[in-house]
Amino acid sequence: MLIDWFTVGAQALNFLILVWLMKRYLYQPVLKAIDAREKRIAAQIADAAAREATATQEKEEFQRKNAEFDKQRADMLNKAADEAKSERQRLIDEARKAADALSAKRDELLRSEVKNLHESIVQRTQEEVFAIARKTLTDLAGVSLEERMTAVFASRLQAMDDAARGRLADALKNSAEPALICSAFELPPEQRTVLQQAINVTFSADVHLRFETAPEIVSGIELSASGQKVAWSIADYLTSLQQGVDELLAKPAAPEKAPDKIPA
Amino acid sequence: MRLSPDEMIFWQHGWFKLNGTIVFTWGIMLLLAVGAKIITRNLTTEHQRSRWQNLLEIIVTAMQQQIKDVGLRHPEKFIGFLGTLFLFMATAALCTVIPGFEPPTGSLSTTAALALCVLIAVPMFGISDQGVGGYLKSYMEPTVIMLPFNIISEVSRTLALAVRLFGNMMSGAMILAILLTITPFLFPILMILLGLLTGMVQAYIFSILAAVYIAAAMSTHEPKAPAKT
């Protein structure tokens, strides 16, 4: 007999036990592990997708910020360039102004020096002329300069035209204060008397006089009263001399060309 | 000459006996259970895992895929029964390379027991899926006249399952035994290799047929494909 029914029953039982064992030790653990791993992979993929999305978003944000930053930088550079340009222009203007001011100051100083030199030359010339005249008169004619000058002033007063004499006479009459006689030197009493007499005769009145010394007129005598003035000095001679000297000095400077102006 | 390991009796007391079929079956059960226990002891859900775990996962997922291909929608529900059928028969066939081992599937008692298990499992799965009435109704389709033919079909296919497996496994062992007596060593080795192949094929056929029968019992509940326009 090929079939043993006891064995059939036993094998069926064995098979059922094996099914249980396999379910317990093989299928369930393996399927659970597979499911868990699949879930884990799915979670990781989802996580990766989320990260990618975040990364993409951050990348876009970064690119946007970068572009914004570039734009800001370019704007700032342009602004800085403009400011530097305007600042440069301002500095150049300032420097030009300062240079102009310096130039003007230097010119002023030069003019002032020229003037001072001029004045000192005039003063010195007056003194020298005066000294030479004095010495010449004393040595050759035996008279003092002051004496001659007083005499000349007196004679000039008397030789005045009528209009000028009239105006001066009015001034002397209307003046409350005594008329002023200024001279470059101290007038001795004799000459004061000569002058007093000459004035009295000229204006036909007893004119009160006050005598003062003024070294700046170098040599000469002035009569002033209430704004009217009669003067005689060597200043006129000196003026002619100065004009002659100036012409002499101007001649060599004329051919020289003025220096080119430096452009700004 | 011994046709079946049933005849190899180790111990007997009345009707109870411990023959080669039962002992070899226990051996296979022990091998499978202990092997599964040892391998699944350190299962990991990490991406990096052991070779043995990989092997088990390949076997289990391949079986799941086969069951799904047959038409069963929830393979995890059937893998316990169908997978164990395959593993038992495949292991029995593989173990034929061990000298002295006789496959329990070469015994008609074993194949009959397995075929009976299939005979009982098919209506059980069918009833659990569509209820007693629904399942019994399937025997009277398309008409009541078909009822005896359906019953005959059910019995005959069970008989066919049992005899097919028995015939193939027994013949393999038998041919080997005969050849060992008349030919040199080289030829039986080729026959052993051929036996391994037929054993694996038979295990596959038995399991797939069982899956097909179960799927047929549950076929009324399969979702209908949408009408093509």
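As a basis for the values below, the full set of heavy atoms in this structure was taken, side chains included, without hydrogen atoms, waters or symmetry mates. To find a chain, count down the sequence lines: A is the first, B the second, and so on, and within it residues start at 1.
Taking all atoms of both residues into account, the shortest heavy-atom contact from A33(A) to Q53(B) is CB-NE2, 4.3 Å. For the pair M63(B) and Y27(A), the tightest heavy-atom approach, listed with the atom from each and the gap, is CE-CE2, 3.7 Å. When every heavy atom of P29(A) is checked against every heavy atom of T40(B), the shortest pair comes out as CB-CB, 4.0 Å. Nearest heavy atom pair, residue C117(B) against residue F15(A), reads SG-CD2, 3.8 Å.
No other option in A112(B), P104(B), G83(B) has as many heavy-atom pairs under 4.5 Å with chain A as G83(B). Taking chain A as the reference chain and counting heavy-atom pairs below 4.5 Å, the highest number among E76(B), Q64(B), K17(B) is found for K17(B). Of the listed residues (G80(B), G35(B), A33(B)), the one with the most heavy-atom contacts under 4.5 Å to chain A is G80(B). Of the listed residues (I41(A), V30(A), L21(A), D35(A)), the one with the most heavy-atom contacts under 4.5 Å to chain B is V30(A).
Applying side chain to side chain contact (heavy atoms under 4.5 Å, CB included) to L26(A) and the options L56(B), L32(B), I79(B), T84(B) leaves one that passes, L56(B).
A distance of 15.0 Å separates CE of M22(A) from CZ of F81(B), quoted to the nearest 0.5 Å. To the nearest 0.5 Å, the span separating OG1 on T25(B) from CG on N14(A) amounts to 5.5 Å. A distance of 5.0 Å separates CE in M29(B) from CD1 in I17(A), rounded to the nearest 0.5 Å. Summarising the geometry, atom CD1 belonging to I120(B) is positioned 8.0 Å from atom CG belonging to L16(A); distances are rounded to the nearest 0.5 Å. Rounding to the nearest 0.5 Å gives a distance of 11.0 Å between OG1 of T21(B) and CZ of F6(A). Here OG1 of T61(B) is found 5.5 Å from CD1 of I34(A). Values are rounded to the nearest 0.5 Å.
Within the 4.5 angstrom heavy-atom criterion, only side-chain atoms of A10(A), from C-beta onward, approach chain B. The parts of L85(B) that come within reach of chain A are both its backbone and its side chain, each placing non-hydrogen atoms under 4.5 angstrom from that chain. With a 4.5 angstrom heavy-atom cutoff, F166(B) touches chain A only via side-chain atoms. At a 4.5 Å heavy-atom cutoff, the contact between L18(A) and chain B is made by backbone and side-chain atoms alike. Contacts between R41(B) and chain A at a heavy-atom distance below 4.5 Å are absent for every atom of the residue. With a 4.5 Å cut-off on non-hydrogen atoms, I22(B) touches chain A through its backbone and its side chain both.
Within a 6.0 Å radius of CD in E94(A), more than 12 heavy atoms belonging to other residues, nucleotides or ligands are found. Heavy atoms from other residues, nucleotides or ligands lying under 6.0 Å from CD of E52(A) number 12 at most. Shown here is R124(A), whose CZ atom has no more than 12 heavy atoms of other residues, nucleotides or ligands within 6.0 Å. Enclosure of atom CZ in R90(A) by more than 12 non-hydrogen atoms of other residues, nucleotides or ligands within 6.0 angstrom is indicated. Environment of CZ in R64(A): crowded, with over 12 heavy atoms of neighbouring residues, nucleotides or ligands closer than 6.0 Å. Counting heavy-atom neighbours within 6.0 Å of F62(A) CZ, excluding the residue itself, gives a total of 12 or less. Crowding of E177(A) atom CD: a count of heavy atoms from other residues, nucleotides or ligands under 6.0 Å not exceeding 12. More than 12 heavy atoms of other shown residues, nucleotides or ligands fall within 6.0 angstrom of atom NZ in K77(B).
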Going through the checks in order, is the side chain to side chain contact (heavy atoms under 4.5 Å, CB included) test met by L43(B) and K32(A)?
CA-CA 10 Å; L43(B) 284 184; K32(A) 271 184 189 170; over 6 Å; no
Show your reasoning for whether side-chain hydrogen bond (donor to acceptor under 3.5 Å, both in side chains) applies to S109(B) and Q11(A).
CA-CA 8 Å; S109(B) 304; Q11(A) 286 296 78; over 6 Å; no
